[in-house]
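One structure is given below, encoded as structure tokens.
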Amino acid sequence: MKIMVTAFDAFGGESVNPALEVVNLLPNELLAHRIVKVVLPTVFQKSRTVLMEAVRRENPDVLLSVGQAGGVSAIRVERVAINIDDARMPDNEGQEPIDCVIEENGAPAYFSNLPIKRMVSDLEARGIPAQVSNSAGTFVCNHVMYQGLFLADQEFPEMLAGFVHLPYLPKQVVSRPTLPSMSKELMVEALMQLLVTIIENTGQKDVILSGGSLF
């Protein structure tokens, strides 16, 4: 099995991105399965181009994209990506699309085909805060998740794909002490466990556990 893990470069005025730092610490092989790491620009259209070229070149069995969600206190395993870009701030090249369809020939939304409930459950069993997230937003993270699932739908029907959001690193909240963060070591452990869960549950149905929210 070949697993592709993507992470964004640093966004805006941030000097670091926890997703990139954590992904860079992953091994190149896990349980005899190869891991391919790809860095994506935090830019709407460029991220699409880089992602599509990488998937078509590597033909991975699993595509797991990882991004930062500042202000959250848990690992967020995303359930769904929607076919819309609606930015409330510019990306790293000043693009700020509003109400723009991502793929004219794509579905209104795509659901992750990863075992998201099992992924969250396995993290919680290790004492790592985690939750199913029912919105990946409408910024570049949602854009990339949607593009990955669009590729799975249109070109790579056997590929599993999804997205995970990570909290801030402690060094990102030194001047913002009220915001939650998580250590790099714990996030590496979490991402390793998520990959193990995916590997061990390939071809199996997800567990039936509540992953809903009231808002």
Side-chain angles (χ1 to χ4, degrees), residues 1-8 18-19 22-23 26-27 29-38 40 47 51-52 54-55 58-69 72 74-83 102 106-126 128-137 140-167 187-213:
M1 179 184 292
K2 183 186 292 185
I3 302 169
M4 179 178 290
V5 184
T6 76
F8 294 103
V22 169
V23 168
L26 293 177
E29 188 175 285
L30 178 64
L31 300 179
H33 300 286
R34 182 184 171 200
I35 297 177
V36 178
K37 307 167 195 176
V38 177
L40 303 178
S47 65
L51 179 69
M52 287 190 165
V55 170
E58 299 289 345
N59 190 19
D61 301 285
V62 176
L63 170 63
L64 181 65
S65 297
V66 186
Q68 168 187 284
V72 304
I75 306 293
R76 293 167 61 94
V77 181
E78 299 297 340
R79 189 198 298 259
V80 60
I82 61 174
N83 193 6
I102 297 173
Y110 288 115
F111 287 86
S112 172
N113 54 8
L114 296 174
I116 61 171
K117 300 288 186 71
R118 174 67 73 184
M119 292 162 71
V120 168
S121 177
D122 285 356
L123 288 186
E124 291 177 334
R126 295 179 73 98
I128 301 174
Q131 62 185 151
V132 172
S133 168
N134 295 300
S135 174
V140 186
C141 291
N142 174 78
H143 185 93
V144 163
M145 182 180 177
Y146 186 91
Q147 294 290 358
L149 290 164
F150 177 76
L151 279 169
D153 180 62
Q154 298 290 315
E155 299 182 40
F156 300 89
E158 301 301 318
M159 184 175 73
L160 301 177
F163 197 101
V164 173
H165 270 118
L166 304 181
M187 287 196 278
V188 171
E189 179 185 345
L191 199 51
M192 291 280 285
Q193 179 59 59
L194 290 175
L195 293 176
V196 168
T197 300
I198 293 168
I199 291 168
E200 293 182 342
N201 289 272
T202 298
Q204 301 182 35
K205 290 186 177 180
D206 202 0
V207 294
I208 300 175
L209 296 169
S210 175
S213 60

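- Side chain of Arg126 to main chain of Gln193: no donor-acceptor pair is present (N/O by atom type, distance under 3.5 Å, no hydrogens or angles).
- Under the 3.5 Å distance criterion, the side-chain polar atoms of Ser112 are matched with a main-chain donor or acceptor of Ala161.
- The two residues Ala19 and Val66 have their closest heavy-atom pair at CB-O, 3.6 Å.
- Within the 4.5 Å cutoff, the side chain of Val132 has no heavy atoms near those of the Leu209 side chain.
- For Glu158, the CD atom is loosely surrounded, since the number of other residues' heavy atoms within 6.0 Å does not exceed 12.
- Across Cys141 and His165, no two heavy atoms sit closer than the pair SG-NE2, 3.2 Å.
- Listed here is the closest heavy atom pair of Leu114 and Met119: CB-SD, 3.9 Å.
- The shortest non-hydrogen separation linking His33 to Met1 is ND1-CB, 3.0 Å.
- When atom types are taken as modelled, the side chain of Asn134 and the backbone of Val80 share no donor-acceptor pair closer than 3.5 angstrom.
- Among all heavy-atom pairs drawn from Gly148 and Leu51, the shortest one is N-CD2, 3.8 Å.
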Might you work through the side-chain contact (heavy atoms from CB on, under 4.5 Å) test for Met192 and Val188, ending with a clear yes or no? CA-CA 6 Å; Met192 291 280 285; Val188 171; 4.3 Å; yes
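- Side-chain contact between Ser47 and His143 is present, with heavy atoms from C-beta onward closer than 4.5 Å.
- The side-chain heavy atoms of Ile3 and Val36, taken from C-beta on, include no pair separated by under 4.5 Å.
- Between atom CG of residue Leu160 and atom CG of residue Asn201 there is a gap of 10.5 Å, rounded to the nearest 0.5 Å.
- In this structure, the separation between CZ on Phe150 and OH on Tyr110 is 5.5 Å, given to the nearest 0.5 Å.
- The two residues Leu149 and Ala81 come nearest to each other via the heavy atoms CD1-CB, 4.5 Å.
- With rounding to the nearest 0.5 Å, the separation of CZ in Phe156 from CG in Asn59 is 5.5 Å.
- Met52 has its side chain within reach of Leu151: a pair of non-hydrogen atoms, C-beta onward, lies under 4.5 Å apart.
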For side-chain contact (heavy atoms from CB on, under 4.5 Å), just list the numbers for Ile102 and Asn142, CA-CA rounded to whole Å, side-chain angles, deciding distance to a tenth of an Å, and then say yes or no. CA-CA 10 Å; Ile102 297 173; Asn142 174 78; 3.9 Å; yes
For side-chain contact (heavy atoms from CB on, under 4.5 Å), just list the numbers for Arg34 and Glu58, CA-CA rounded to whole Å, side-chain angles, deciding distance to a tenth of an Å, and then say yes or no. CA-CA 11 Å; Arg34 182 184 171 200; Glu58 299 289 345; 3.9 Å; yes
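- At a threshold of 4.5 Å between non-hydrogen side-chain atoms, the residues Leu195 and Leu26 count as touching.
- Between Leu194 and Val164 the shortest side-chain heavy-atom distance falls below 4.5 Å.
- Side-chain contact between Glu78 and Ser133: present, with at least one pair of heavy atoms (C-beta onward) separated by less than 4.5 Å.
- Other residues, nucleotides and ligands contribute more than 12 heavy atoms inside 6.0 Å of the CG atom of Leu31.
- Within the 4.5 Å cutoff, the side chain of Ser65 has no heavy atoms near those of the Met145 side chain.
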When you look at Thr202 and Asp61, which way does the side-chain contact (heavy atoms from CB on, under 4.5 Å) test go after all the steps? CA-CA 10 Å; Thr202 298; Asp61 301 285; over 6 Å; no
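- Phe8 is linked by a ring-ring contact (aromatic ring centres under 6.0 Å, His included) to nothing, counting only residues two or more places apart in sequence or in another chain.
- In this structure, Ile116 CD1 and Phe163 CZ are separated by 14.0 Å, a value rounded to the nearest 0.5 Å.
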